[in-house]
Protein chains: 4
Amino acid sequence: MKPAATKVKARRVVAASKNTALVRDRRTQLVGAAIEVFGKKGFHATTVRDIGRVSRLTQGTIYNYVRSKEDILFLVCDRIVTEYQDSVRRALAVEGDAIARLRAALRGIVGVMHEHQDTILLLYHESHNLDRRSLRTILARVHEFIESFERLLAEANEEKRLQMTDVRLSANIVTYLPTMLALRRWALPKDLTSEQIINDTVGFMLRGLGIVDKQPTRSFPLRG
Amino acid sequence: MKPAATKVKARRVVAASKNTALVRDRRTQLVGAAIEVFGKKGFHATTVRDIGRVSRLTQGTIYNYVRSKEDILFLVCDRIVTEYQDSVRRALAVEGDAIARLRAALRGIVGVMHEHQDTILLLYHESHNLDRRSLRTILARVHEFIESFERLLAEANEEKRLQMTDVRLSANIVTYLPTMLALRRWALPKDLTSEQIINDTVGFMLRGLGIVDKQPTRSFPLRG
Amino acid sequence: MKPAATKVKARRVVAASKNTALVRDRRTQLVGAAIEVFGKKGFHATTVRDIGRVSRLTQGTIYNYVRSKEDILFLVCDRIVTEYQDSVRRALAVEGDAIARLRAALRGIVGVMHEHQDTILLLYHESHNLDRRSLRTILARVHEFIESFERLLAEANEEKRLQMTDVRLSANIVTYLPTMLALRRWALPKDLTSEQIINDTVGFMLRGLGIVDKQPTRSFPLRG
Amino acid sequence: MKPAATKVKARRVVAASKNTALVRDRRTQLVGAAIEVFGKKGFHATTVRDIGRVSRLTQGTIYNYVRSKEDILFLVCDRIVTEYQDSVRRALAVEGDAIARLRAALRGIVGVMHEHQDTILLLYHESHNLDRRSLRTILARVHEFIESFERLLAEANEEKRLQMTDVRLSANIVTYLPTMLALRRWALPKDLTSEQIINDTVGFMLRGLGIVDKQPTRSFPLRG
DNA sequence: AATGAATGAGACTTCATTCAT
DNA sequence: CATGAATGAAGTCTCATTCAT
């Protein structure tokens, strides 16, 4: 497994103000507001004024804590990835054998993706508006997180030969597929509960990894 | 399965010119150029001039065949979805029992997604810049195509009880997961050939659907 | 009285075509259509295409008979003034003593102004979009026509001392006031018939000129 | 007489800035400049840059105080009508019997029209470039002002039977005719002083209303 | 540190006019 | 003579960013 060698010199957002506590607070305000409006109107359609209106900061003030509108987008993406990572990390912190931990982790990530639908959507819609450097920083964070799954899968594979070929590819699959809950929201079956969708998606992934799902499967629903 | 009731009043792009052949030609020029530049710089960073430069049409001329920059984006999305649909349709046109056709279809869709990486990326990045009406038209097209998988899955399930729960959800999964090849391009293992990535992804999906992959699986590669 | 010394070198509209009969016909088409659309949308809001649509001439064809959009406006103003002049000339062609002729003329001009409301409005709204030269040509035509009233007033004054001071000023007044029927259309009393409005306006002018109106005046209507 | 029922929901021009004093000042600048350039080149031929140049405001700044170029035209018309109304109101504020007041008012309005020639011209030339709503607001203002004459005429008529038929029509006449001084500027006799033109026009109106002008009339000037 | 007015580059779009067919 | 596609200049308006207060 590749080590943290991929370490990218992290992009920094510089502030005019030196008061770090204040900077942190104001940026929190800013990012919260930005997530709200970016989510509604998209990055480009949103004006700095819009963000100011919602965050209750005036334009001039905003530029005390950020150097450009794109900085805000970066902070937004950063916050989203961080929250997402934290949630998943909590989900990964389960005791037990590797297989059990993997099971929990998959369930965890799907659940998180379901909860954070809106921000995930935002991330996928707008992150490519970042400049190369910023984007790379964000992607590196995501990478770390894919790698944590890569490690988990490797361990599980040690423990019990899985029907899995490449761990990195598998890690990508199990971290990517759950985003479907956000990006395909409009097409998912309306007659299933979130719980059912989550369960079935997890089941699919387990089988895909070659782990037999011992839980009784729901009977096949007749549709249409 | 929902019938054609979902039919959305399709959005139309109107042209100033009445000469349909010419309109078709010019739009082809236009869309080709737009795909190129949108792909590089994104929709918003691209100016109508940019498109004109690449398509060798002057600004004024462009507006003879399209009424707004957003019209161009719509035509771009439309073309992408159409080509994608056609490719998949070809892949679905295989003789044999339902399971065999499903196998072929999965392989087909993953292959197509791999080939059309750039445009799929473009579609996912920029389609949300469309207005509601246009977006709905595009999504309706995607929906049709998810439904064709839904039908295929239902047939396969008739033939041989699959370990599958909801066909619609499954159809979403197998049509969504392949987009990973485009959207996760940057994170996929560099040491695998495209062929391997495609095979493994298909394998994962087959297992996920409860179909045992009888092909000898590649031996597990030791990584890192 | 100033003679035709005011003669302005008349502005000419040149055509690409040499076939004078055709030129005349096409221009007639053109002007008719232009009056219609200019009247509705104004000169600037009207495109050459609009005129083409209504006149059933294509853009290219239009430019065979005219050299610019402004040429069309000139032709329009010219036609309006001409028709107006002709109508008034007919009204002036009455037998009798000067006072009788004046009476008839006043009635005539008010009537004409009432009939030609729309075009008069157009003339007053758009003529100042003409270039200096064109405008002067049009105004010269109007001038001629003011002068014809000037002559008439002078004759009437010879015949019977009027309570009139300056004939030119008076001529301006009696040729200007009737335009009120077009320009104040929106403010005129809705409960009077056109006939009444015309009569009263003529009566006002006659008294203004010091000619006693022998016709029985309508009784004073109690209002509001 | 129509009561205040005519009250039109007044069109408002909204500003980005909240500082009302500043908004007022900047708009004053803006309107002054606009009157100047619109007067010279007309509304359509004038660019926002032109207005900026004269008002010493940059384009961006202008749009802080106004939302469109048409807003500026509205403000211009509004200012013109207001000034005009104020001037006339002052002229109407004369002590004495109704006839005396009417006399003063007529003289006043003609004088004002003479003074404000340029802006009146502008008003008549460009006001129809306003959208329906704005135009109605402006016309409503003019209406009020016609009505004030209507009232005055009614009073005068009570006092001493005038040879006047419909007060509303008469009010229109006496408020319309004076605009001749602006719109017929080019045709008015050059050999009369403004004073003479004003006097004669007032005389004409008084006679038209059936009020005998007791002032000795200038002797008839021999012309041409 | 906060404010919000000012700036000006730049985008989209329209449309009169030209010209090859 | 008719057509209508092509042209490109020019205009309005937006908005990220700066800066004096």
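Letters go in sequence order (proteins before strands), and every chain restarts at 1.
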Result block: side-chain N/O donor-acceptor pairs under 3.5 angstrom for residues 12-20 of chain B, not counting sequence neighbours:
unit_1, atom_1, unit_2, atom_2, d
B/S17, OG, B/N19, N, 3.2
B/N19, OD1, B/A21, N, 3.2
B/N19, OD1, B/L22, N, 3.1

**Residue whose closest nucleotide on DNA chain E lies nearer the 5' end, C/S68 versus D/L57** = D/L57
**Complete:** Against the side chain of D/S17, the closest entry in E/dA2, F/dA5, E/dA5 is E/dA5
**Message:** Whole angstroms only, please: what is the CD-P distance between C/E70 and E/dC15?
**Reply:** 18 Å
**Item:** Set of residues satisfying ring-ring contact (aromatic ring centres under 6.0 Å, His included) with respect to D/F43, sequence neighbours excluded
**Value:** D/F38
**Complete:** Output for pair (B/I35 CD1, B/L122 CG), nearest 0.5 Å, gives 6.5 Å
**Message:** Using the side chain to side chain contact (heavy atoms under 4.5 Å, CB included) criterion, which residues pair with D/K41? Sequence neighbours excluded.
**Reply:** D/A45, D/T46, D/D50
**Request:** May I ask you to test the B/T82-B/R141 pair for a side-chain heavy-atom distance under 4.5 Å?
**Result:** yes
**Prompt:** When the distance from CG of A/D131 to P of F/dA16 is rounded to whole Å, what number comes out?
**Reply:** 17 Å
**Item:** Where DNA chain F forms stems, i.e. three or more consecutive Watson-Crick or G-U pairs with both distances under 3.5 Å
**Value:** E:2-21 with F:2-21
**Message:** Nearest heavy atom decides the nucleotide; on that basis, is A/K69 or C/T58 closer to the 5' end of DNA chain F?
**Reply:** C/T58
**side chain to side chain contact (heavy atoms under 4.5 Å, CB included) involving C/S68 - partner list, sequence neighbours excluded** = C/E70, C/D71
**Request:** Please report, rounded to the nearest Å, how far the C1' atom of F/dT12 is from the CD1 atom of D/I72.
**Result:** 11 Å
**Prompt:** Going by heavy atoms closer than 4.0 Å, what residues in residues 20-51 of chain C are next to DNA chain F?
**Reply:** C/R26
**Summary of ring-ring contact (aromatic ring centres under 6.0 Å, His included) pairs that have at least one residue in residues 119-141 of chain A, sequence neighbours excluded** = A/H125-B/H128, A/H128-B/H125
**Asked** How would you list, by chain and number, every residue that makes a side chain to side chain contact (heavy atoms under 4.5 Å, CB included) with C/T28, sequence neighbours excluded?
**Response** C/R79
**Message:** What contact category does C/N19 fall into here, base, sugar-phosphate, or nothing, at under 4.0 angstrom with non-hydrogen atoms?
**Reply:** sugar-phosphate
**Asked** Does F/dA2 have OP1 or OP2 sitting under 4.0 Å from an N or O in the side chain of C/N64?
**Response** yes
**Request:** Round to a whole Å and report the spacing from CD1 of D/I62 to C1' of F/dT14.
**Result:** 14 Å
**Prompt:** Quick one: which of E/dA2, F/dT17, F/dA5 gets closest to the side chain of A/T61?
**Reply:** E/dA2
**Message:** With a 4.0 Å limit, can you tell me whether C/Y65 has a side-chain N or O closer than that to the phosphate oxygens OP1/OP2 of F/dA2?
**Reply:** yes
**Asked** Can you name the residues that form a salt bridge (Lys or Arg N to Asp or Glu O under 4.0 Å) with C/E126, not counting sequence neighbours?
**Response** none
**Item:** Partner of B/V81 under side chain to side chain contact (heavy atoms under 4.5 Å, CB included), chosen from B/L139, B/I138, B/V76
**Value:** B/I138
**Message:** For B/D118, give me all partners under salt bridge (Lys or Arg N to Asp or Glu O under 4.0 Å), at least two apart in sequence or on another chain.
**Reply:** B/R185
Can you pull every protein N or O that's under 3.5 Å from an N or O on nucleotides 18-21 of chain E?
none

**Request:** Not counting sequence neighbours, which residues clear salt bridge (Lys or Arg N to Asp or Glu O under 4.0 Å) with A/R26? List them please.
**Result:** none
**Whole angstrom value for the distance that separates C1' of E/dC15 from CZ of C/R53** = 12 Å
